[in-house]
Amino acid sequence: QNNSGSSGNTDGKGDVTLNVGDQKGNDEAVLRAAGQLKNLPYKIKWSTFTSGPPILEAVSAKAVDIGGVGNTPPVFAAAAKSHIKVVAAKHGTSDGEAILVKKGSPVKRTADLKGKSVAVAQGSSAHYQLVASLAKAGLSIKDVKVSFLQPADALAAFSRGKVDAWAVWDPYTSQALRQSDARVLTTGRGVVNGLNFQVANPSSLEDEKKVKAVKDYLGRLRRAQDWVYKHPEEWAKVWGKETGLPYQVALDSVKRTNGTRVNVAVDKPAIASEQEIADTFAKLKLTPRRFSFADYVDTRFNGGLPPSTSAPRTYGKGS
Amino acid sequence: MATELHRQVNSPAKDLGKGDGSGDAAVRVRSLTRSFDGRAVIDNLELDIPAGEFVALLGRSGCGKSTLLRVLAGLDREIEGEVLVPRRKAVAFQAPRLMPWKRVWRNVLLGLDGRPGRAVAERALKEVGLGHRVDAWPKTLSGGEAQRASLARALVREPDLLLLDEPFGALDALTRITAQQLVAELWQRRGCAVLLVTHDVEEALLLADRVLVMDGGVIAHQIRVDRDRPRDIADPLLAELRTELLDRLGVKAPEPAAVHKVA
Amino acid sequence: MATELHRQVNSPAKDLGKGDGSGDAAVRVRSLTRSFDGRAVIDNLELDIPAGEFVALLGRSGCGKSTLLRVLAGLDREIEGEVLVPRRKAVAFQAPRLMPWKRVWRNVLLGLDGRPGRAVAERALKEVGLGHRVDAWPKTLSGGEAQRASLARALVREPDLLLLDEPFGALDALTRITAQQLVAELWQRRGCAVLLVTHDVEEALLLADRVLVMDGGVIAHQIRVDRDRPRDIADPLLAELRTELLDRLGVKAPEPAAVHKVA
Amino acid sequence: MSPVLEPVVPLSARRRTVPRWLRRTTGPLLLLVLWQVSSATGVLPSDTLASPGTIAGTASDLLKDGTLPHAMLVSVQRVLIGLVLGGVIGISLALVSGLSRLGEDLVDATVQMLRSIPWVGMIPLFIIWMGIGEAPKIALIALGVTFHLYLNVYAGIRGVDAQLIEAGNSLGLGRWGLIRHVVLPGALPGAMTGLRYSLATAWLALVFGETINADDGIGFLLNRAREFFQTDVIVVCLIVYAALGLLADFIVRTLERLLLQWRPNFTGK
Amino acid sequence: MSPVLEPVVPLSARRRTVPRWLRRTTGPLLLLVLWQVSSATGVLPSDTLASPGTIAGTASDLLKDGTLPHAMLVSVQRVLIGLVLGGVIGISLALVSGLSRLGEDLVDATVQMLRSIPWVGMIPLFIIWMGIGEAPKIALIALGVTFHLYLNVYAGIRGVDAQLIEAGNSLGLGRWGLIRHVVLPGALPGAMTGLRYSLATAWLALVFGETINADDGIGFLLNRAREFFQTDVIVVCLIVYAALGLLADFIVRTLERLLLQWRPNFTGK
Ligand SMILES: Nc1ncnc2c1ncn2[C@@H]1O[C@H](COP(=O)(O)OP(=O)(O)OP(=O)(O)O)[C@@H](O)[C@H]1O
Ligand SMILES: Nc1ncnc2c1ncn2[C@@H]1O[C@H](COP(=O)(O)OP(=O)(O)OP(=O)(O)O)[C@@H](O)[C@H]1O
Ligand SMILES: [Mg+2]
Ligand SMILES: [Mg+2]
């Protein structure tokens, strides 16, 4: 595979090179801010993508060795028999995964969504959350008018009242709440699993030197996550600069979701909750086949991490 | 090529060549100048053509004849000076300029008022000997055929001023005589003014009331041909005029030319 | 337009018109047929031109002269029959066909072997009286100027067969004489075969060794002009031939034509 | 002295007998064969690009369950409407700026500027202005078509031989007559090229148009397949696009044969 | 009987004095004024489209911190490489299929088919084939450019007057001479139109190309701004695109003036 000439940076030195797929303001930024890129005994070559699915495309094509994504893209990638292995997980609050309505909207409960139009990005974690939340309220996805819109388009439609509700995730949630007269109708708490994953290419995991690098890399990510929890303002500043998010929005998002994440093991409960997502989408005929999510997991990096059900951190009431 | 016209052709404008710019003028040009890239091709030219006069224009290649015609046709307006022409004009250009995307008969009718039928075009084309090419695409015409189609297109109009730029140049002897007759007939019937650019001195003398020689950007010389029609090129007056004109054009021609008749 | 050539021009091919397709033929055509849409414009035509012969081709407009020329130039191959021509040919088309995107002098040099310099083009253009338009774009040339540029382009080549399609049609009397002289000179110097399409019977008689009349898709008539050069159109033989040719072309011409000399 | 003669070889002696359409399918067929062969021999691993056989299977599934035909129907409708709309606007603008200096000064620079703006960036604005119904989808298509036709028709108009315009003028054609009988036919070859590309652009615009609140159409299928990593569906969609492209090309060629028969141009040899 | 005479009005009598470039900026300027006015009067709410003033502020920020100049530099480099690559391929293909019947039969149908495939749909395939470096980005640009140039150059070649080809032949030009002296210059007006659109397509392709592993370039800026709803940055990017479009148009116009000066065509009135 030819992935030379990438526009990304390279860190560290050594014979081994770890190709990492990243999104702007994610892993690279946090590692750098937390000072975790010092004394790297191997090289990291960063590649930046716009969202999770293309990172998994690249992982599957072995254009990168490893990359971080949310809880839904691995399900679709696995359904499409991509070459991926989930190697690490983080657990955070699901408060950022919200269904938003306008402040003056007559919709007060999830059940009121019946017959209303809801914007959602197809195949996103919010898509699953919408299905699950509706089910909890005794509705099916057929009871609402679903408008498939990418976040940017959805914001335009939502702020103009072209749709009644919007199912979305952080930092879009924080941004909409600050900027677009939005109100949270319901969050993903108790509905979605709040997991985030590091996903690697299986053949990279056959290379002993790479495995060593991956192990070290995951360790650094864990330490960086701990740093984020302790330095929300500092991180919000860096993150806002990287992504162009206003500082306030970034800080909201850090306190609501980003900073609450704890490093957990990729264990049975995690696999089961992912399997539930997979089955739900299969029932909706969004994926072509049923499959076992466990086949796409590599548990050897779990180390001594707590179970995936461990509670996320919080910043207390003030957030 | 010398010719004697079959039918009697009378000049409808007996008060030939008053040239004073009076009410019945068809063309009035005062101090016309047209320059290309600073070179004045037409340089302070003066010209009057009374209504109904048949004028032939001779001149060296590149002396500005076509340029003058384009100005008179109202197509070239990057000029200085005063030019007055009738509204109804018809032009046959030096190159045929048929619209390649219209069949010959549609080319003939193009721009005519009152939606004339195909029959009109067919008649006009038959007159120039193109009855069999009515439906052809212009690009399949031979050189002479295209020229005749272009002539037919000019003649079906009923102009007050007919501007013809070497309309018979690519025609053989017989076809040329027929075409000359057609122009003479239209002129006689309609009484329009005609300005005919030609390189054939005998043609000019047989057809025109007045022959102009253009040189140095102006009308350098003109002669009146005061002879009733049909004319005979062996006529001593015409022979003399012919010598005079050829002389003006830089060619010596001591003996009178022969006359030939249509077979 | 009748003319007497200034300089002595001798036919280099004394064994004129053997026409037996022997070794020194320049053109050999056997039962050539060319049809457009089922209409045979050339219909079983036979033609031989010995090397070094000057042949003039007359015929009614649309009778197929240009078509024959295009076949001889090797440009039209949708034919039946056998056609043999030399490799080195030069053509001056009926329309000038200058490349509009090349200045005149570059047009003249186009396709010449051995990267000749601008001077070559300038000399050729000066000869046809276009010394002042060497740098012009083709679309700014007058009709006659374009025709002369096209002629110059054909003449700078050193062909074994020179095909000229009405090359003097748009020229005034004096310019025409100069151009005719140029062709005659090249022919004499190079000894090439020439096929000249023209509508001017006198021109044909003054220049050619043999005059062909095309009609009905074949060479319907041919005459040999057995007269040394320079010729005089008042010469009784030529006058007689002229009458004969005009007759063939459908025009009666009882009296001999006048002769005129270059001033 | 005497020149060596060469024969002028009659064309009829070596006329081809293979019919045109058959010869034109050679290229695409070769491509297909190449694909199958490299799939079969493993030169093209199946996770790089599925083999034609696999693709055919997926395609027949999509056909049988009605997904593909329905999607095509919906998309073709959208394309047609957008095409007509964009065609009218594009040609009108081209006429305005092609025919008058003033029009050119006002319209041309503006269009040249606007056409460089990537219309995908405009999607949020379109949603704000036109909602999330059919309007923004069709607007996107119309936009792409407009610019293509504009550019080619404008160039076509400016390429019309000035001598013919003069001739038309001298024949007494009015402004409208000149447009109808001289300028438009003269610009037709350019317009045809524009039409050809417009069709392709229309389909491309559909891919973006159908990210906006669509649950139907080829573009939607393609986008969903991308989202869900269904490479085989992606390839089926791309093939549908290619087939529609060939169809459009066929239509334009037929139009050209009808409308440009007066043009005896260079046709290669 | 005697006709009514009309004057032929000399053009010099009513020659315009406003210089060309000034007249050409009228349209864009009018657009700008319209925008400012509707922003100021509230017809265009600021959350729909920020006012020119706001945009200018954002633009100057982006300029000052070096983001915009750097992004432009990177993008321009990519575009140039893609342009050259696509240009060479597109023109070569057009020559092959424009100049020979056989080439046409093999190439043209294939290209017509491929060009209908929306290249955005190809991104996953490109990543599989070319990885995530510069290659797929440039390939996307080259692809867009290739098809545009192909189509217009091909049409241009086919539009060359057969009479001139004949003349070239009769002048003893060989195949290459014919291409160089007759076919290519004759196809140049078409190529210019193709070039014009290629430039725009190149920029557009960049928007997609720079979704693949980019952290730089105008397309990346635009995509990131879209992702995070930075309407003002989006508009700045669109304006940069528009400006680059105008620049490209200016370059092509200059080229046209130089290369097509032989063409005395209709220029409107
Ligand atoms: N491509 C074509 N398709 C159909 N008919 C054609 C085509 N080219 C020429 N013709 C016809 O063939 C005949 C002969 O044409 P050609 O050009 O050879 O005439 P010509 O003798 O040169 O006439 P002229 O003296 O007018 O130039 C004409 O009737 C013409 O209309
Ligand atoms: N657009 C132009 N730009 C520059 N020069 C031009 C242009 N048009 C014509 N000329 C020049 O003006 C002069 C006169 O041209 P015009 O066509 O009027 O000649 P003409 O008398 O008709 O000649 P001919 O008998 O050869 O047709 C010529 O020298 C020509 O080259
Ligand atoms: Mg002229
Ligand atoms: Mg001819």
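To find a chain, count down the sequence lines: A is the first, B the second, and so on, and within it residues start at 1.
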Between [X] and chain D, with a heavy-atom cut-off of 4.5 Å, which part of the residue counts as in contact: side chain, backbone, both or neither?
X: B/Arg70; result: side chain
X: B/Leu98; result: backbone
X: B/Arg88; result: neither
X: B/Arg97; result: both

(request) Supply the atom-to-atom distance D/Ile165 CD1 to B/Met99 CE, rounded to the nearest 0.5 angstrom. (result)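 Here the interatomic distance stands at 8.0 Å.
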
(request) Output the distance between atom CG (B/Leu72) and atom OG (D/Ser170), rounded to the nearest 0.5 Å. (result) 13.0 Å

Is [X] atom [atom1] crowded by more than 12 heavy atoms from other residues, nucleotides or ligands, each under 6.0 Å away?
X: B/Arg106; atom1: CZ; value: no
X: B/Arg118; atom1: CZ; value: yes
X: B/Phe36; atom1: CZ; value: yes

(message) For B/Trp101, run the side chain to side chain contact (heavy atoms under 4.5 Å, CB included) check against D/Leu259, D/Leu188, D/Leu260, D/Val182 and tell me which one passes.
(response)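 The single option meeting the side chain to side chain contact (heavy atoms under 4.5 Å, CB included) with B/Trp101 is D/Val182.
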
(request) Could you pull out the closest heavy-atom pair between B/Gly111 and D/Leu173, with the gap in Å? (result) CA-CD2, 3.4 Å

(request) Determine whether B/Phe93 and D/Glu166 make a side-chain contact, defined as any pair of heavy atoms from C-beta on separated by less than 4.5 Å. (result)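 They are in contact (side-chain heavy atoms under 4.5 Å apart), so the answer is yes.
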
